[in-house]
Structures are given as structure tokens and as C-alpha cells.
Amino acid sequence: MTPLAKLNGFYDQKLKEGEDPWDVETARAMMYGYFMKYEQEDADVVVRGIEVPFCIELPVPDDLPEYLRPVKPRYIGGIIDSIIERSGEIHATDMKTAGYVSPDYWTELHTNPQLTQYQFVLYAAGYSNAGLEWDVVAKPDIVPKKLTIAAKEEIESFGTYCGWPVGRDVPGDGRESPELYGRRVMNWYEDNPTKFERRFYRRNEAQLLEFIYNEHYIQFEMETSLLRGGDRSCSQKNFKACLNFGSICEYHPLCMGCDNA
């Protein structure tokens, strides 16, 4: 079975399960576009795991301040979207959708703790030269519309819409069905390959060590909060504040270590 056949089978099953057809057809179009964009680049990629859960004990550095040292083991856990092998290297990957991706979005990923955590986990598993891949898919900026006369003729005469195969029945209300809208979204992605962006990142050992210290500090603050009767879900550090709707924190260059002031 070809990758596209598997893709169609997956989304056809979602329709049978009663998932919202507009969401299903939009997602199908996104993945079609993704496949068309990266088919050649990813031809030799080997998938090592999908939705890979992890939970590991946090190491305790010898020089960790005494007040931060844990009374009992501390852990970090989560799920990695996928782990792949590309050109002999193990990569952790993540895929996001976004309406708009500003340059600040990519800048923030140089210090994003989620990526650091992923590489730390791979490092702890023995992959000292692991990498990180971050894929972003822009959401379509088109909406369902009324069918034109030419579009109706294309459907009835050729069984296609926007050049993609469909049934020959024109919807009675004269508007795009979920299937027809999905075909136009496929065409939109085909015409706009820049709507898919992929960046590669790597953390060095100093950054991974800093991550360990930060994690001990965060968990220490949470433990202290609990001892004082605080909210157990509350963390004293909010890394999401680094990036808020495309506006990067003014102190981010300091975190990156590139501020000359």
C-alpha cells in the first residue's frame, strides 16, 4: 500500500467514525500538501517511533546547591511526536499548526525548553549527537465558498475539482461540500509550498546541563509551594512568557547568550 493510500485510508476511517467532515478533509489536505513538499527529502527517513512516551529520573549534579538537592528522586516525562533516523542521525520531531509564523517564532526555539527536554532525553538514552526537527504547517487562509459555473462544469464533465478527483454530483445547495473544500485546500497547498516550514536545532552539552539545573530549580519551587499549602499544579516559572503571539521577550537575547550590551 502506498503512503498516500494509507493516508486516505486513515482519514476515510475518521469519517466513518463520525468525526467532523470539515476537520477531516482539512487535515487530509494538510497532510497531502506535507507529503508533496517533503516526499523527496524524507525518502530515506526511517521512523523509529511514533508518540513515544518517556519518563526519566533527573540527574543530580555534584555541584547542585544543597538547598536544591532532592529529598527523593525527581523525574521529567512527556511524549515525543516521533523519533526518526535521518542520514544516520537520530532526531526528535514535532509538528505544529499555526495561522502565522513570525521570525520571532523561530528565534524562540533556540532556547525553547520543550526542544531541550527532547534532546536531553535522547542524550540520556545514549544518542549524544541527536538532533531536533520542528515542522510548522500554516493553516489554510481560505474558507468554503459557493461553486462557480466553471467549477460545476468541471465536476459534472470530468469528475474533478481544482484538478483533484471527486464524484460527479454537484451539491444541491451549490456550495462546496467538505470533500470539495478539501480538494481546493489541497490545491492551495500545492500552489503555496512555503506554507510548510521545517527547521533543525541542536543543543550542546552546556545547554543540556543548564536544563538540568533549571529543572531542579522549578521542581524545588513547586515542592516548596506544596509544603506551604500552594496549588500543586502551579509552577513558579512560565516559559511561555518568552513568546506571546509573536512578540518575543526583550530579554531573550540574554537567554541565547548573544547580547553584547
Subject >> From OG1 (Thr160) to CZ (Arg168), nearest 0.5 Å >> reply: 8.5 Å
Original post:
How many angstroms lie between CD in Gln117 and CG in Leu208, if you round to the nearest 0.5 Å?
Top reply: 11.5 Å
Subject >> From Arg48 atom CZ to Ser82 atom OG, the distance as rounded to the nearest 0.5 Å >> reply: 12.5 Å
Original post:
So, for Ala29 and Gly182, which heavy atoms are closest and what is the spacing to 0.1 Å?
Top reply: CB-O, 3.5 Å
Original post:
Under a 4.0 Å N-O cut-off, is there an ion pair linking Glu215 with Arg74?
Top reply: no
**OP:** Check for a donor-acceptor pair, side chain of Arg203 on one end and backbone N or O of Gly131 on the other, with a separation under 3.5 Å.
**Re:** no
Original post:
Shared ILVMFWY cluster between Ile90 and Ile50, side chains joined below 4.5 angstrom?
Top reply: no
**OP:** Among Ile, Leu, Val, Met, Phe, Trp and Tyr joined by side-chain contacts under 4.5 Å, find the other residues sharing a cluster with Val166 and list them by chain and number.
**Re:** Leu147, Ile155, Tyr161, Val170, Leu180
Subject >> Residue that, paired with Phe120, satisfies ring-ring contact (aromatic ring centres under 6.0 Å, His included) out of Phe211, Phe54, Tyr127 >> reply: Phe211
Subject >> Distance-only side-chain donor-acceptor flag, Tyr201 / Glu133, under 3.5 Å >> reply: no
Subject >> Residues in ring pair (Phe, Tyr, Trp, His ring centres under 6.0 Å) contact with Tyr67, at least two apart in sequence or another chain >> reply: Phe220
Original post:
Is the shortest side-chain N to carboxylate O distance from Lys139 to Asp141 below 4.0 Å?
Top reply: no
**OP:** Drop me the distance from Leu132's CG to Thr116's OG1, to the nearest 0.5 angstrom.
**Re:** 7.5 Å
Original post:
Do Glu221 and Ile218 have side-chain heavy atoms sitting under 4.5 Å apart?
Top reply: no
**OP:** Locate the shortest heavy-atom distance separating Pro144 from Arg184; write the atom from each residue and the value.
**Re:** CA-NH2, 3.9 Å
**OP:** Could you pull out the closest heavy-atom pair between Pro61 and Tyr213, with the gap in Å?
**Re:** CB-OH, 3.6 Å
Original post:
Are the side chains of Pro113 and Asn214 in touch, meaning some heavy atoms are under 4.5 Å apart?
Top reply: no
Original post:
Ile80 and Ile84: same hydrophobic cluster, using ILVMFWY side-chain contacts below 4.5 Å?
Top reply: no
Original post:
Cluster partners of Met36, using ILVMFWY side-chain heavy atoms under 4.5 angstrom, listed by chain and number?
Top reply: Leu4, Leu7, Phe10, Tyr11, Leu15, Trp22, Val24, Met30, Met31, Tyr32, Tyr34, Phe35, Tyr38, Met95, Val137, Ile142, Trp164, Tyr181, Val185, Met186, Trp188, Tyr189, Phe196
**OP:** Inspect the surroundings of CG in Asp191 and state if more than 12 heavy atoms from other residues, nucleotides or ligands are less than 6.0 Å away.
**Re:** yes
Original post:
Can you check whether Pro171's main-chain N or O pairs, donor with acceptor, with Glu176's side chain at less than 3.5 Å?
Top reply: no
Subject >> Heavy-atom closest contact (Pro70 atom, Lys72 atom, distance) >> reply: CB-O, 3.1 Å
Subject >> hydrophobic_cluster_shared for Val136 and Val45, side chain cutoff 4.5 Å >> reply: no
Original post:
Taking NZ, NE, NH1 and NH2 as the nitrogens, is one of them in Arg199 or Glu197 under 4.0 Å from a carboxylate oxygen of the other?
Top reply: yes
Subject >> Flag if over 12 foreign heavy atoms under 6.0 Å of CG, Asp44 >> reply: no
Original post:
Is there a donor-acceptor contact under 3.5 Å linking the side chains of Gln114 and Tyr118?
Top reply: yes
Original post:
So, does Asn204 use its side chain to make a donor-acceptor pair with the main chain of Gln207 at under 3.5 Å?
Top reply: yes
Original post:
Which pairs pass salt bridge (charged side-chain N to carboxylate O under 4.0 Å, His left out) with one or both residues in residues 14-33, sequence neighbours excluded?
Top reply: Asp12-Arg28, Lys14-Glu17, Glu25-Arg28, Glu25-Arg183
Original post:
Would His91 and Glu89 count as having a side-chain donor-acceptor pair, cut-off 3.5 Å?
Top reply: yes
**OP:** Please tell me if the side chains of Ile76 and Gln219 come closer than 4.5 Å, counting only heavy atoms from C-beta onward.
**Re:** yes
**OP:** Kindly compute the distance separating CD1 (Ile79) from SG (Cys55), expressed to the nearest 0.5 Å.
**Re:** 11.5 Å
Original post:
Does Ile56 belong to the same Ile/Leu/Val/Met/Phe/Trp/Tyr cluster as Leu58, with side-chain heavy atoms less than 4.5 Å apart forming each link?
Top reply: yes
**OP:** For the residue pair Glu205 and Glu210, establish whether any side-chain heavy-atom pair is separated by less than 4.5 Å.
**Re:** no
Original post:
How long is the gap from CG on Asp42 to NZ on Lys37, to the nearest 0.5 Å?
Top reply: 11.0 Å
Subject >> Qualifying salt bridge (charged side-chain N to carboxylate O under 4.0 Å, His left out) pairs, either residue in residues 54-68, two or more places apart >> reply: none
Original post:
What do you reckon, is CZ of Phe158 surrounded by more than 12 foreign heavy atoms closer than 6.0 Å?
Top reply: no
Original post:
Who are the salt bridge (Lys or Arg N to Asp or Glu O under 4.0 Å) partners of Glu51, not counting sequence neighbours?
Top reply: none
